[in-house]
2 protein chains.
Amino acid sequence: MIERKTLKDIAKDLKLSVSTVSKSLSDSYEISESTKKLVKEYAEKHNYIPNKVARTLKTGKTNTIGVIVFNISSTFISQILDGIHKASQLEKYDIIIMQSRDDVNLEKHAIEVLRIRGIDGLLISPVSYNSNFNQLRDLQDSGIPVVLFDRVNHNIETHKVGIDNKLSAYEATKHLLDSGKKNILHITAKNIGVTADRLLGFKKCLKDHQIEFDNNLYLECDYGKHDEIEQSITKKLKFLKSKNIKVDAIFGATDDITTLTLGILAEMNIDVPREISVIGFSNIRIPNSLNPSLSTVVQPTEEIGMVAFQKLLEIINSKYPKEEFETIELKTKLIPRKSTLL
Amino acid sequence: MIERKTLKDIAKDLKLSVSTVSKSLSDSYEISESTKKLVKEYAEKHNYIPNKVARTLKTGKTNTIGVIVFNISSTFISQILDGIHKASQLEKYDIIIMQSRDDVNLEKHAIEVLRIRGIDGLLISPVSYNSNFNQLRDLQDSGIPVVLFDRVNHNIETHKVGIDNKLSAYEATKHLLDSGKKNILHITAKNIGVTADRLLGFKKCLKDHQIEFDNNLYLECDYGKHDEIEQSITKKLKFLKSKNIKVDAIFGATDDITTLTLGILAEMNIDVPREISVIGFSNIRIPNSLNPSLSTVVQPTEEIGMVAFQKLLEIINSKYPKEEFETIELKTKLIPRKSTLL
DNA sequence: TTGTATGCGTTATCAT
DNA sequence: ATGATAACGCATACAA
C-alpha cells in the first residue's frame with residue numbers, strides 16, 4: 001500500500017517550508033523560478049496529488065453540484081444528465097446524482113443528503129408543483145443556488161430550463177388534425193406538471209378547431225410501472241370499442257406511454273396509422289425501429305442539461321445574486337414519421 | 001444568506017466545549033444524558049448540519065465511490081447505474097459518475113479526477129482489455145479498491161461482475177438454429193471485450209451444429225454513432241443480396257445494433273421473421289413495441305450494479321484485502337418473441 | 001463527566 | 001524570496 005505524498009512530505013524532503021511548496025505549486029509570483037521548478041519537478045516525479053478535501057475545507061468550495069432526477073434510467077433523463085455532464089466537465093465540476101423516484105419524501109432525503117455532503121449548487125427536476133419548497137428555499141438561503149430543469153412549474157424563484165409544453169402539444173395536436181383525424185385519445189400520466197401543460201395545449205388546439213373535448217377520450221395513467229400503464233391503455237381501448245366510440249388518433253404525453261401504446265396497438269392488430277394515428281412526446285433514440293416508426297415531439301435534452309448547468313454556474317459565480325430569474329423555454333422538434341402519415 | 005452553525009458555535013452558545021458537543025451528538029457514553037439532551041435539542045432546533053468535508057479530512061473516509069462507464073445515456077448502462085445507486089443508498093454511500101465515452105484517454109482522465117477528488121472505491125466498466133492498467137493498479141496500491149463490471153475481461157486482479165457472454169451467445173444462436181435457420185449474419189461492434197466472447201459462443205454453437213463460419217456473414221460496426229451503424233448494416237445487407245448470399249437470421253451483439261437492425265429491415269420491406277429472424281443482446285424496456293417485437297438476450301442489469309457495489313464494499317470494509325478475487329457471472333435470460341417465431 | 005490540545009492537508013496572512 | 005503561523009470543522013487521545 002503506497003501512501004500519498006502531502007505538501008508536508010515534499011517540504012521535508014526538499015528542506016523547504018510547507019508554504020513555499022504550496023505557493024510553488026500554485027505558481028505564485030512570490031517564489032523564485034528556480035524553486036518553483038525544483039518543487040514542481042519533485043512533485044511531478046513523486047506523483048503528488050493535492051488533497052481536494054483539505055482544499056475544500058479551506059476554501060469552502062466543493063466544486064461539486066448535485067442533481068436530483070426522478071429516475072436515472074429513463075431515456076429522457078439520462079440524455080439530460082449527459083448534457084449536464086458534458087457542461088460540467090468543461091468547468092471542472094463534479095456531479096452527484098440522486099434519484100427521487102417521484103416520491104416527495106425521497107426527494108426531501110436527496111436534498112438533505114446533498115446538503116450534508118456539501119455542494120456548490122443544485123439542479124433539480126422536482127417531483128411536483130411546490131414539492132419540498134421549504135427545503136429548496138433553505139438551500140438557497142444558505143447560499144447554495146438552485147436551478148430547475150424539465151419540470152419547471154414549481155413555485156420556487158430561480159432560473160428554470162425546460163420547453164414550452166403547451167405550445168409543443170398544440171403543434172402535435174394540430175399535426176393530427178391537419179391530417180384529417182378528429183377523435184384523438186389523449187393518454188397522459190398523473191399530473192407531473194409538464195403533462196398538465198401538455199393537456200392545456202391539446203385542449204386549446206381542439207378548441208381552435210371547433211372540436212369539443214370529450215372526457216371519454218382522455219386517459220390518465222399512473223406514472224412509472226410499465227405493466228400498469230399497459231393495462232390501463234388496453235382497458236381503455238377495449239372500453240371505447242365496446243361503447244362504439246371511435247378513435248382515429250392517439251396523443252401520447254410521455255415517452256413510455258407513447259411507445260407502449262404502439263406495442264399494444266400492434267398486439268391488438270390495429271393498423272397504424274390507417275386505423276389509428278399515433279404521435280407523442282418521446283426522446284427514445286430508435287423511433288424508426290418501432291412498429292411503425294413513431295412520429296414524435298423531441299425535446300432538446302442535451303441542451304436542456306447544458307443550459308441548466310450554465311445557468312447554475314452563473315448564479316454560483318455571481319457575487320450578488322441578482323433577483324432577476326429567467327425561465328428558459330427551449331424549442332422542441334416535431335418529427336412526423338410513419339405512425340401519422342397516411 | 002443564513003450561515004450554517006458549527007460545533008464551535010453550539011459550544012459557545014451553550015457554554016460547553018467543542019469536544020463535549022461533538023461527543024454529545026455522536027451519543028458518546030462519556031457524556032451525561034442531560035447534556036446530550038441539551039445539545040441534541042439545541043442542534044436540532046438550530047438545524048445543525050455536520051460538515052462532511054471536515055469529517056472526511058479527519059477520518060480519511062469519503063463515503064463516496066466513483067463509477068466509470070462509457071456512456072450514461074445508454075439504456076443498458078443506466079439500468080446498471082440504477083442498481084449501483086440503489087445499493088449505495090442502503091449503505092449511505094454517494095456515487096460520482098464519470099464517462100469514458102469509450103476513449104482510453106478520457107478513461108485515464110476520469111480515473112485521475114476521481115483519485116484527486118477522493119473516493120473510497122471505484123466501479124468501472126473499462127474501455128478495453130487492459131486499458132489504463134497501470135492507473136487502476138496504482139489506485140489499488142494506494143488503498144482504493146477497484147471492482148469491474150460489465151466488461152470483465154480486463155487483466156487487472158480484482159472482483160469482476162458480469163455475465164457469461166460466451167454461453168449467452170451460444171444459447172441465442174442455438175435458438176436460431178433450432179428454429180431451422182442456417183445462414184446467420186452476426187453483427188457486432190468493434191471489440192469491446194464482451195463482444196469477442198459473444199462471437200466465440202456464436203462460433204462454437206455453429207461448430208457444434210456442423211455449420212461452418214462464413215466470413216461473409218460477419219459484420220463489425222464502429223461503436224457509438226447510430227448513423228454509421230445503420231449505414232454499415234444497410235450496405236452489408238445490400239452487398240449480400242447482390243452476391244446472392246442468403247441470410248435467414250441475424251444475431252445482434254449489442255443493444256443498439258439489434259434495434260437498429262429491426263428498423264432497417266422494416267425500411268427495406270424485409271419480412272421478419274419469415275424472411276429473416278432476429279435475436280440480440282438487448283436491455284431496452286420496450287421490446288414489444290418494436291417492429292416486430294424483438295427476441296432478446298436480457299442481462300440482469302440492476303443485479304449487476306448491486307452485486308458490483310456490494311463486492312466493492314466488501315473489499316473496502318475488509319481490513320486485510322484477501323488475495324482471492326472472484327469473477328461473478330450472472331445469468332442472462334433468453335426471451336423469444338415474434339422476431340424469431342415462425 | 002467535561003474540557004484541552006492536537007492534527008487531518010491545505011491556503012492565506014503576516015513576518016522575516 | 002521564503003518561512004512561521006493560524007485557520008477551515010471535526011474527532012479523539014489525554015488531562016482534569
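Chain A is the first sequence line, chain B the second, and so forth, proteins listed ahead of strands; every chain is numbered from 1.
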Identify whether the distance between the nearest side-chain nitrogen and carboxylate oxygen of [X] and [Y] falls below 4.0 Å.
X	Y	value
A:Asp9	A:Arg4	no
B:Arg151	B:Asp102	yes
A:Lys160	A:Glu326	no

| field | Close side-chain approach of A:Asn132 to A:Val104, heavy-atom, < 4.5 Å | value |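 In short, these two side chains touch, coming nearer than 4.5 Å.
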
| request: Using a 4.5 Å cut-off on heavy atoms from C-beta on, say whether the side chain of B:Leu14 contacts that of B:Val39. | output: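 Yes, close enough: below the 4.5 Å cut-off.
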
| request: Applying side chain to side chain contact (heavy atoms under 4.5 Å, CB included), run through A:Ile65 and A:Phe309 and close with a yes or a no. | output: CA-CA 9 Å; A:Ile65 63 157; A:Phe309 178 83; 3.4 Å; yes

| message | Can you confirm whether B:Lys61 is buried at NZ, in the sense that more than 12 heavy atoms of other residues, nucleotides or ligands lie under 6.0 Å from that atom? | response |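 Correct, the count exceeds 12.
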
| Are more than 12 heavy atoms from other residues, nucleotides or ligands located less than 6.0 Å from atom CD of B:Glu30? |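 Count over threshold, so yes.
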
| query | Looking at CG of A:Leu136 and CG of A:Leu148, how far apart are the two atoms once the value is rounded to the nearest 0.5 Å? | reply |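 Nearest 0.5 Å value for the CG-CG distance: 7.5 Å.
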
| task | Please tell me which of B:Val21 and A:Thr59 maps to the more 5' nucleotide of DNA chain C, matching each residue to the nucleotide holding its nearest heavy atom. | result |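 In this pair, the answer is B:Val21.
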
| Covered region of DNA chain D, 5' end to 3' end, by chain B [heavy atoms, under 4.0 Å] |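 On DNA chain D, the outermost contacted nucleotides are D:dC8 to D:dC14.
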
| So, B:Thr20 side chain and B:Val18 main chain: donor-acceptor pair closer than 3.5 Å or not? |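 No, because the side chain of B:Thr20 does not come within donor-acceptor range (under 3.5 Å) of the backbone of B:Val18.
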
| Has the side chain of A:His154 got a donor or acceptor atom that lies under 3.5 Å from a matching backbone atom of A:Ser131? |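 Looks like yes, one N/O pair under 3.5 Å.
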
| query | How far does the helix from C:dT1-D:dA16 to C:dT16-D:dA1 bend, going by the axes of its first and last five pairs, to the nearest 10°? | reply |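 That helix has its two terminal axes inclined by roughly 50°.
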
| message | Can you list, in residue-number order, the parts of residues 22-45 of chain A that come under 4.0 Å of DNA chain C, counting heavy atoms only? | response |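 Those residues are A:Ser22, A:Lys23.
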
| request: Assess whether side chain to side chain contact (heavy atoms under 4.5 Å, CB included) is satisfied between B:Arg55 and B:Asn51, documenting all intermediate values. | output: CA-CA 6 Å; B:Arg55 185 180 283 163; B:Asn51 183 320; over 6 Å; no

| field | Nucleic acid contacts - residues 47-56 of chain B versus DNA chain D, non-hydrogen atoms under 4.0 Å | value |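 Hits under 4.0 Å, by residue number: B:Tyr48, B:Pro50, B:Asn51, B:Ala54, B:Arg55.
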
| task | Assign B:Leu7 to base, sugar-phosphate, or nothing according to its heavy-atom contacts below 4.0 angstrom with the strands shown. | result |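 Sugar-phosphate, no base atom in range.
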
| message | What's A:Ser19 touching, base or sugar-phosphate or nothing? Going by heavy atoms closer than 4.0 Å. | response |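 Base: the residue A:Ser19, judged by heavy atoms under 4.0 Å, touches a nucleobase.
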
| field | Audit row: A:Val69, A:Leu123, side chain to side chain contact (heavy atoms under 4.5 Å, CB included) steps and yes/no | value | CA-CA 9 Å; A:Val69 294; A:Leu123 293 175; over 6 Å; no

| Please, which pairs that meet side chain to side chain donor-acceptor pair (under 3.5 Å) have at least one residue in residues 73-90 of chain B, sequence neighbours excluded? |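 Qualifying pairs: A:Ser73-B:Asp82, A:Asp82-B:Ser73, A:Gln99-B:Asp82, A:Gln99-B:His85, A:Arg101-B:Asp82, A:Arg285-B:Ser73, B:Asn71-B:Ser73, B:Gln79-B:Asn283, B:Gln79-B:Thr301, B:Lys86-B:Glu302.
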
| said: Under 4.0 Å from a heavy atom of chain A: give me the 5'-most and 3'-most nucleotides of DNA chain C that qualify. | reply: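 That gives a stretch of C:dC8 to C:dC14.
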
| message | Would you call the rings of A:Phe325 and A:His159 parallel, tilted or perpendicular, taking 30° and 60° as the class edges? | response |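 Perpendicular, since the angle between the ring planes exceeds 60°.
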
